[in-house]
Each structure stands twice: as structure tokens, then as C-alpha cells.
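Below: one structure, written as C-alpha cells.
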Amino acid sequence: MSSLFFDRVYSLCARIPIGKVATYHQLAKLVGSPRASRAVGMAMKKNPNAPTIPCHRVVASDGALTGYSAQGGLAQKKHMLLQEGVVFMGEKVDLTASLWKNE
DNA sequence: TGATTGACAGCGT
DNA sequence: CACGCTGCCAATC
């Protein structure tokens with residue numbers, strides 16, 4: 001189960017600092033396929049390393065929490081992000097303040 | 001091997 | 001501003 005694509009996505013996911021979030025499109029771009037945002041989402045959904053990969057730090061391009069396969073769903077995801085210090089704008093993440101610039 | 005799916009993104013209405 | 005449709009990529013059935 002070692003697809004280069006998934007591996008890249010997981011690596012980037014683990015690379016996202018606490019208090020920051022990345023968009024699916026951003027990860028897709030970093031892995032080399034700026035249009036593979038959907039494939040990135042699929043990798044998150046599969047998430048073989050659930051507790052190992054902090055995939056909860058990945059949100060939509062608009063900062064909205066689109067999905068979360070783990071326990072609790074989107075509510076839990078939002079709660080975790082808040083706990084890590086991510087700034088929320090209602091039900092969406094304030095990308096203006098918490099978007100990972102991939103430093 | 002082919003068709004369908006899926007945690008998206010962009011554009012149009 | 002909210003909703004809908006299309007396009008893209010890779011995985012899974």
C-alpha cells in the first residue's frame with residue numbers, strides 16, 4: 001500500500017505545524033498535482049495512519065471543514081483545531097490567520 | 001480493464 | 001451571498 005501520491009500527502013500532513021491548517025489544494029500542489037485536491041481528500045479518508053497523521057489540520061480552500069472519518073466527525077475536528085490554536089471564523093477556519101504557509 | 005466514487009476547487013447562475 | 005454544474009486526479013469496486 002505504498003502509493004507515492006498518498007505517501008507524499010501523508011508526509012505533508014505530518015509536516016503541518018500545530019495551530020496552522022492547510023487546504024487540500026495546497027497539499028495537492030505540494031505533491032506535484034495542483035488539480036488532485038480530490039485525490040488528496042481520498043488519502044485523508046483512507047488515512048491508514050489515523051493517529052499518526054494529523055489529517056484534521058487539512059481543510060477546504062475556503063477554510064470550511066468538509067469531512068472527517070474519525071470519531072466525532074466535523075465537530076470533533078473543529079474542536080481539535082481550536083484546541084491547537086487555530087483561529088475559527090464561525091464554522092470555518094480563518095485562513096487569513098491560520099493558513100500554513102509551508103515554511 | 002472499465003466504471004464509479006470521493007474529506008475539492010473554480011466558475012456560472 | 002447561496003446553490004449548482006463541470007473539471008481533475010487517484011483509488012477502489
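Since the model is a prediction, treat every value here as computed from it, not as a measurement. To find a chain, count down the sequence lines: A is the first, B the second, and so on, and within it residues start at 1.
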(message) Using whole Å, what does the distance between atom P of nucleotide dA7(B) and atom CE of Met44(A) come to?
(response) 12 Å
(message) Donor-acceptor pair, distance only, cut-off 3.5 Å: does the side chain of Ser98(A) make one with the backbone of Val87(A)?
(response) yes
(message) Just by distance, no angles: are the side chains of Gln76(A) and His56(A) close enough, under 3.5 Å, to form a donor-acceptor pair?
(response) no
(request) Please check if the side chain of Thr23(A) supplies one atom and the backbone of Gln26(A) the other of a donor-acceptor pair under 3.5 Å. (result) yes
(message) Would the base of dA7(B) count as contacting Tyr68(A) through its side chain, where contact means a donor and an acceptor less than 3.5 Å apart?
(response) no
(request) May I have the distance from Arg57(A) (atom CZ) to dA7(B) (atom C1'), rounded to whole angstrom? (result) 17 Å
(request) Using a 4.0 Å heavy-atom cut-off across all strands, classify Ala39(A) as base, sugar-phosphate, or nothing. (result) base
(message) Counting distance alone, no hydrogens or angles: does the base of dA7(B) have a donor or acceptor under 3.5 Å from a partner atom on the side chain of Ser69(A)?
(response) yes
(request) Please determine if Lys20(A) and Glu84(A) form a salt bridge, counting it only when a charged side-chain N lies under 4.0 Å from a carboxylate O. (result) no
(request) Check the distance between dG10(B)'s C1' and His25(A)'s NE2 and give it to me in whole angstrom. (result) 10 Å
(request) Return no unless some side-chain N or O of Thr66(A) is found under 4.0 Å from OP1 or OP2 of dC8(B). (result) yes
(message) With heavy-atom distances below 4.5 Å as the criterion, would you say the side chains of Val58(A) and Cys13(A) are in contact?
(response) yes
(message) By the 4.0 Å heavy-atom rule, please label Phe5(A) as base, sugar-phosphate, or nothing.
(response) sugar-phosphate
(request) Using atom NZ of Lys92(A) as one end and atom P of dA2(C) as the other, report the distance to the nearest whole Å. (result) 7 Å
(request) Whole angstrom is fine here: how far is it from CZ in Arg35(A) over to P in dG6(B)? (result) 24 Å
(message) Taking the nucleotide of DNA chain C with the nearest heavy atom to each, does Arg38(A) or Met42(A) sit closer to the 5' end?
(response) Arg38(A)
(request) Round to a whole Å and report the spacing from NZ of Lys29(A) to P of dG10(B). (result) 11 Å
(request) Report yes if at least one side-chain N or O of Ser61(A) is closer than 4.0 Å to OP1 or OP2 of dG10(B); otherwise report no. (result) yes
(request) Whole angstrom is fine here: how far is it from NZ in Lys45(A) over to C1' in dC8(B)? (result) 14 Å
(message) What is the separation between atom CG on Leu74(A) and atom P on dA7(B), rounded to the nearest whole Å?
(response) 10 Å
(message) Less than 4.0 angstrom between a side-chain N/O of Ser33(A) and OP1 or OP2 of dC8(C), yes or no?
(response) no
